[in-house]
Asks: 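The following block contains the structure, expressed as structure tokens.
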Amino acid sequence: MAKVKTRNEIRFILNGEDMALTTVTPDATLLDWLRLNRSLRGTKEGCAEGDCGACTVLVGRLSSGRLVYESVNACIRFLGSLDGTHVVTVEHLRGEGGKLHPVQQAMVDFHGSQCGFCTPGFVMSLYALWMRSPEPSGAAVEKALQGNLCRCTGYEAIARAARAISSYGEAAKDPLAAERKTIATKLAAMKDGARIEIGSGKQRLVVPADADDLASVFDKEPGATIVAGSTDVGLWVTKHMRDIAPAIFIGNLDGLSTISEDNGIISIGAGVTYTEAFSTLAKRIPALGPLFDRIGGDQVRNMGTIGGNIANGSPIGDTPPPLIALGARLTLRRGNRRRAIPLEDFFIAYGKQDRQPGEFVEAVHVPVPGRDIKFAVYKITKRRDEDITAALGAFLLTLARDGTAAEVRIAYGGMAATPKRAFSVENALLGKPWTEETVQVAMAEYARDFTPLTDMRASAEYRALAARNLLLRFFAETSGTKAPIQMSRHEAA
Ligand SMILES: Cc1cc2nc3c(=O)[nH]c(=O)nc-3n(C[C@H](O)[C@H](O)[C@H](O)COP(=O)(O)OP(=O)(O)OC[C@H]3O[C@@H](n4cnc5c(N)ncnc54)[C@H](O)[C@@H]3O)c2cc1C
Ligand code: FES
Ligand code: FES
């Protein structure tokens with residue numbers, strides 16, 4: 001492998017100022033740095049775990065030569081991941097002639113600022129929305145604010161302000177739009193193809209030059225922590241005070257950040273975020289669209305990757321069950337050696353995946369189901385938006401001409417120590433007529449496949465019942481039956 005050049009500083013632009021940081025620790029968050037080192041205290045700390053949105057800032061980066069700005073949670077975003085970006089905080093917002101920015105003025109006039117503490121975060125999320133959609137629908141406003149919590153329940157005033165922003169100014173005349181050309185030129189110049197290495201031992205962080213360089217670095221330091229979007233790893237630091245050094249930052253790496261389709265297989269690089277994957281996946285596999293809309297809020301979807309959702313091995317990650325039902329395969333890489341395995345085989349036991357030291361997730365390959373294949377995924381949570389799964393079921397069915405089930409793949413999250421297929425249920429359905437009687441018989445098989453746990457998200461009984469009812473729902477939606485289907489009800493103790 002050709003020798004890569006290295007440098008020892010993270011370069012980015014903060015509002016209007018060029019930054020070159022040489023003393024960055026792996027666990028330094030953008031939020032702490034903004035508030036403590038730069039005295040930019042408009043960005044607030046509420047939860048420090050990516051939930052409340054009080055810390056929302058924008059991060060601009062070049063994507064296929066275009067400068068795009070996305071909202072992110074500064075509390076779980078590490079400084080080490082910011083190379084080649086433009087960080088925009090609430091202090092940078094201004095309107096023409098020293099007036100308030102249109103987003104700010106709308107928030108004032110529509111009484112959208114109530115407690116004041118959460119307001120900068122709301123303003124930044126609305127700013128991101130206004131830039132990409134100056135005349136947003138009510139649904140678009142709701143989606144853009146999924147990751148911003150208003151504890152005084154004043155959402156209506158904020159939503160009214162969101163819909164009125166364009167009456168205060170044109171997005172094209174936004175001060176940030178005026179500086180965009182200069183910023184894009186500067187960011188392009190920062191991309192020098194170098195590996196970044198800062199510190200040593202417990203202070204060491206590396207940003208590989210590209211995916212090949214990552215393979216080489218991780219092969220030599222298999223004990224390092226890979227950090228992709230940091231929407232899980234960020235919490236290890238802020239909530240569990242875990243030491244993540246040495247850390248290898250892989251967000252936006254060339255060779256890991258593409259999504260493409262070939263011969264009916266969608267290949268998603270491990271660094272592709274939910275936001276980046278959304279348009280392709282929602283178009284080609286529509287059932288995944290509503291699921292993605294319920295993963296975190298915009299800030300989490302702009303940072304979090306599908307690769308990270310798989311690699312973390314969580315039993316309640318939202319993407320593994322549908323991808324398993326679809327028959328996805330995983331490419332794992334160590335150095336120059338690659339191997340491909342069915343995604344379902346990756347999950348061995350709780351906290352244990354089929355990943356060797358120095359090996360990383362490179363890509364996941366997802367077959368697009370044909371028109372005659374029925375596919376659905378259902379997520380059950382306590383509240384609709386920005387909530388972690390209690391149970392999630394994914395179903396894929398192909399019916400033969402005679403109406404019998406020719407292919408069935410069912411996978412669940414939240415029902416076992418890993419994302420898991422429901423083999424006994426599948427066997428009870430396979431080759432049988434797709435009728436309610438068959439489904440009722442198959443529902444008895446759930447007890448063989450799963451022994452769910454009780455935790456803060458749901459009781460074992462609730463999970464078992466919900467899982468069975470999801471199969472009934474899938475049957476109702478795919479059979480076109482008009483007869484009412486009797487669902488069992490769960491009575492809380
Ligand atoms: C507020 C909030 C809401 C959330 N809501 C949801 C939700 O609704 N549904 C859901 O499923 N999850 C949710 N999550 C969890 C998280 O967003 C996802 O698991 C996300 O996909 C993790 O991806 P990441 O890129 O941020 O991973 P990171 O945090 O960077 O890494 C996660 C783990 O994977 C490892 N890793 C990452 N990439 C690779 C790779 N390429 N090869 C090997 N190892 C790798 C890391 O070392 C780490 O162990 C939420 C998180 C937050 C903070
Ligand atoms: S402080 Fe709550 S999301 Fe960052
Ligand atoms: S306006 Fe801040 S919590 Fe409602």
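Whatever order the structure lists ligands and atoms in, that order sets their numbers, starting from 1.
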Asks: So if I count the atoms of ligand 3 from 1 in the order they appear, which ones are less than 4.0 Å from some heavy atom of C118?
Replies: 1 (S), 2 (Fe), 3 (S)

Asks: At less than 4.0 angstrom from any non-hydrogen atom of Y274, what atoms of ligand 1 do you find?
Replies: 18 (C), 20 (C), 21 (O)

Asks: Closer than 2.8 Å to atom 4 (Fe) of ligand 2, do we get an N, O or S atom from C55, backbone or side chain?
Replies: yes

Asks: Heavy atom of R355 under 4.0 Å from ligand 1?
Replies: yes

Asks: What's the shortest distance from atom 45 (C) of ligand 1 to any protein heavy atom, and which residue and atom give it?
Replies: A311 CB, 3.3 Å

Asks: Among all protein heavy atoms in this structure, tell me which lies nearest to atom 8 (O) of ligand 1, with the distance rounded to 0.1 Å.
Replies: K379 NZ, 3.0 Å

Asks: I'd like to know if E359 pairs up with R334 as an ion pair, taking the criterion as any Lys NZ or Arg NE/NH1/NH2 lying under 4.0 Å from an Asp or Glu carboxylate oxygen.
Replies: no

Asks: If you take the nearest heavy atom of each of C52, G121, G147, which one is closest to atom 2 (Fe) of ligand 2?
Replies: C52

Asks: Tell me the protein heavy atom at minimum distance from atom 3 (S) of ligand 3, and give that distance in Å.
Replies: R151 N, 3.0 Å

Asks: Of all the atoms in ligand 2, which lie at a distance below 4.0 Å from a heavy atom belonging to D51?
Replies: 3 (S)

Asks: Around atom 18 (C) of ligand 1, find the nearest protein heavy atom and jot down its residue, atom name and distance.
Replies: N309 ND2, 3.4 Å

Asks: Is the ring centre of F12 less than 6.0 Å from the ring centre of W33?
Replies: yes

Asks: Just heavy atoms, cut-off under 4.0 Å: does I388 contact ligand 1 by side chain, backbone, both, or neither?
Replies: side chain

